[in-house]
Amino acid sequence: MHLVAVTLAWIRGQGTIWLLAVIYLVSGVPGAYVLWYRPLYRAMRTDNALKFGWFFFCYVFHLDSSSSLLWHLQFFSRGHP
């Protein structure tokens, strides 16, 4: 859905981040499966504390990197060096 919205904005001349949306789609969906869904499924299936720890580590890392990326994109898109 995000790719469709960015493509429509790009066609209308309102957005220039189409490539970032494609990169996010290509890396984000498989990354979410590998770093989120599969570890959580394995942790729930085996009831293993170490696997729960790995899931929460990946979860916090992803939230931190995503929020950092959003902050930097917002900061640099306003014309700051």
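The figures that follow rest on heavy atoms only: side chains count, while hydrogens, waters and symmetry mates do not.
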What class does the angle between the rings of F56 and F52 fall in, given that below 30° is parallel, 30 to 60° is tilted and above 60° is perpendicular?
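Judged by the thresholds at 30° and 60°, the geometry between F56 and F52 is parallel.
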(message) With a 4.5 Å cut-off on side-chain heavy-atom distances among I, L, V, M, F, W and Y, is there a chain of contacts connecting V26 to V29?
(response)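 Yes; tracing contacts between hydrophobic side chains, which count when under 4.5 Å, links both residues.
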Are F55 and M44 connected in a single hydrophobic cluster, I mean Ile/Leu/Val/Met/Phe/Trp/Tyr linked by side-chain heavy atoms less than 4.5 Å apart?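 In one cluster with M44: F55, yes.
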query = Measuring from Y41:OH to T46:OG1, what's the distance to the nearest 0.5 Å?
reply =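 Going from OH on Y41 over to OG1 on T46, the span is 10.0 Å.
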